[in-house]
Amino acid sequence: MKILVKSGSVSKFKCDLLAINLFSGVKSPGGATGVVDKSLHGAISALIKSGEITGKLGEVNLIHTQGKLPATQVIVVGLGESKDFDLDRVRIAASAVIREAKRIKAKKVATIVHGAGLGGLELPAAAQALVEGSLLGAYHFPGYAKEKDDSFFQVQDLSVIELAPAKIKAIVSGLKVGEIISQAVNNARDLINAPANVVTPTYLANQAKKIAGVEVQVLGLAEAKKLGMDAYYSVSKGSKEPAKFIAIKYGQGKPEIALVGKGITFDSGGISIKPANKMWQMKTDMSGAAAVLETMRAIAKLGIRKNVVGLLPCTENMPAGDAQKPGDVVGSLSGKTIEILSTDAEGRMVLADAITYAKKLGVKQIIDVATLTGACVIALGDVASGIMGNDQPLVELLISAGKRSGEKLWQLPLFDEYKEYSKSDIADIKNCTEQGKASTSIGGLFLQLFAEDTKWAHIDIAGTAYLDSERGYLVKGATGVMVRTFIEYLRS
Ligand code: BES
Ligand code: ZN
Ligand code: ZN
């Protein structure tokens with residue numbers, strides 16, 4: 001979908017579908033909606049009166065213009081109550097328009113910037129959210145089937161119309177940012193939705209090497225082992241598919257912030273094998289790595305002024321004759337020893353070594369993102385990601401970046417008392433506990449041991465990385481969660 005900007009009146013613009021909006025409770029529309037209503041001889045007011053158009057968030061109503069306007073059809077999208085209006089509602093409304101455009105196969109769509117007039121939002125942010133909702137809502141994973149059904153239809157162009165020429169510059173700047181961010185999220189979704197026989201550690205390394213404006217270093221398993229990454233090695237040694245530890249550096253000079261993404265391209269559980277039911281979904285266990293990889297691509301495109309390194313410890317987790325076993329004790333890059341209670345708690349092992357690697361680079365801040373625990377899915381569902389950390393200001397900055405991006409983060413505790421659960425008789429720590437109490441926090445505390453006194457936050461996206469059914473601008477399947485939050489955090 002091409003994003004264009006046009007200065008002029010909505011009543012003059014020729015297109016297949018023209019999007020305008022309405023807050024709930026509004027009886028006589030103003031702004032662009034009022035202009036269109038007049039051209040349509042009061043058709044919109046009449047539909048409001050009859051109760052067909054209510055302005056409920058995401059509600060869409062189509063009106064054929066019958067030649068009264070250059071646009072063939074008009075779509076009135078609901079923005080909900082004006083008191084609840086925010087950027088995420090712009091995204092939801094924009095995605096509702098694009099979904100309807102796809103359904104009626106409208107190639108040329110035009111829209112106003114929802115919320116920029118009566119909504120009171122800042123123009124660049126509203127324009128950014130408009131593009132995000134449109135491009136994220138239009139996403140469709142192409143897949144591999146020969147037959148292409150209706151879901152493959154894509155809107156050709158989306159023209160954003162603004163009457164005041166003075167506002168165009170602000171709109172263009174917001175649209176550009178929104179486009180870069182949405183492409184990054186959709187790329188991440190592609191990587192996550194693709195099967196594990198396509199998206200291997202080598203595939204991810206090749207994707208990283210294609211990013212412009214960054215420096216990429218890829219370690220094979222032998223090199224990682226030589227450096228002392230024994231925890232990462234232990235997870236990987238039972239897999240035939242070659243492991244890759246990927247480092248992506250952006251910026252001038254020493255990196256200050258490390259983003260670490262769990263990159264298990266398939267998690268069978270290893271010797272502690274998972275039940276067969278839904279095991280296929282463990283192709284998404286590299287969602288953290290995908291989020292970091294695409295964040296790095298986006299920040300390089302946006303030219304942000306920070307020094308960031310993205311670390312992606314990638315491997316499969318498989319059962320085999322030479323796989324790690326429950327009861328094994330292994331070392332780590334930090335020197336700390338780990339007793340493996342379950343080979344299915346593999347994410348924290350690869351993250352532990354990546355966190356130590358980041359510390360050795362001398363970063364001041366580490367943020368890791370991982371599909372780490374089933375317990376996080378139980379606690380927060382697919383609505384919010386869990387966040388934990390050793391630095392409250394960092395946790396709060398990430399939560400607020402998430403709020404602005406429309407990605408919910410909910411803090412979970414790292415109580416000292418929990419540490420008792422994972423004490424080992426024969427090593428520095430157990431990789432998990434037998435009882436599974438406070439399992440998400442136990443995962444966090446394990447990582448905290450490796451972060452030590454470096455400022456660190458951990459985000460568990462086990463529930464939010466993948467949706468079983470669509471919600472707003474998030475279609476069924478991979479969400480690309482945390483790409484938007486990370487970019488927002490790094491931009492501010
Ligand atoms: N990749 C899984 C976590 C997961 C579960 C992600 C469901 C997405 C959906 C992780 O490696 C895992 O298996 N965790 C175990 C840890 C346990 C053994 C302490 C879990 O949560 O069951
Ligand atoms: Zn696992
Ligand atoms: Zn896993």
Side-chain angles (χ1 to χ4, degrees), residues 192-193 196 199 201 231-232 234-236 238-239 241 243 260-291 312-319 323-328 338-354 368-386 388 412 418-419 421-424 429-447 458-468 477-482:
I192 299 161
N193 283 324
V199 175
Y232 172 59
S234 183
V235 171
S236 188
S239 309
E241 189 60 52
V260 179
K262 172 175 172 181
I264 302 296
T265 55
F266 188 74
D267 181 11
S268 70
I271 297 295
S272 314
I273 199 160
K274 286 182 180 293
N277 185 33
K278 277 213 158 182
M279 198 203 270
W280 63 268
Q281 212 166 302
M282 284 302 121
K283 68 177 182 177
T284 68
D285 213 21
M286 35 56 75
S287 297
L312 286 57
C314 299
T315 176
E316 290 187 342
N317 182 27
M318 299 294 274
Q324 62 174 357
K325 301 170 289 296
D328 285 359
I338 304 162
E339 183 186 4
I340 298 160
L341 279 216
S342 169
T343 64
D344 199 10
E346 83 299 339
R348 62 199 73 182
M349 311 251 311
V350 305
L351 292 172
D353 277 349
D368 80 73
V369 56
T371 44
L372 207 73
T373 64
C376 196
V377 192
I378 306 285
L380 303 174
D382 56 18
V383 174
S385 306
M388 289 138 268
L412 295 168
Y418 292 147
K419 289 182 184 165
Y421 299 176
S422 42
K423 267 201 176 141
S424 165
I429 193 167
K430 295 195 275 204
N431 77 333
C432 63
T433 69
E434 236 135 32
Q435 291 193 333
K437 284 180 184 168
S439 173
T440 304
S441 296
I442 286 294
L445 281 165
F446 181 92
L447 298 172
H458 158 61
I459 301 173
D460 194 330
I461 56 167
T464 48
Y466 195 89
L467 291 188
D468 294 323
T479 58
V481 72
M482 285 307 124

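Just so we're clear, the structure is a prediction, and the values are computed from it rather than from any experiment. Each ligand, and each atom within it, is numbered from 1 in the order the structure gives.
Evaluated for a side-chain contact (heavy atoms from CB on, under 4.5 Å) with P313, the options D353, V350, I264 yield exactly one hit, V350.
To the nearest 0.5 Å, atom CD of residue E346 and atom CG of residue N317 are 4.5 Å apart. Distance check: S422 OG to R348 CZ gives 8.5 Å after rounding to the nearest 0.5 Å.
Between the Zn ion (ligand 2) and the N, O or S atoms of E346, the shortest distance is to OE1.
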K274 vs D344, salt bridge (charged side-chain N to carboxylate O under 4.0 Å, His left out): CA-CA, chis, key distance, verdict: CA-CA 8 Å; K274 286 182 180 293; D344 199 10; 2.9 Å; yes

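The OD2 atom of D285 and the NZ atom of K262 subtend an angle of 100° at the Zn ion (ligand 3), given to the nearest 10 degrees. Vertex the Zn ion (ligand 2), arms ending at OD1 of D344 and OD2 of D267: the angle is 100° after rounding to 10 degrees.
The pair K278-D468 counts as a salt bridge, with a side-chain nitrogen and a carboxylate oxygen less than 4.0 angstrom apart.
With D328 contributing its side chain and I340 its backbone, the two residues share no donor-acceptor pair below 3.5 Å. D285 places no side-chain N or O within donor-acceptor distance of the main-chain N or O of T265, the cut-off being under 3.5 Å.
Near ligand 1, K262, D267, K274, M282, D285, S342, D344, E346, R348, T371, L372, T373, G374, C432, A462 each place a heavy atom less than 4.0 angstrom from the ligand.
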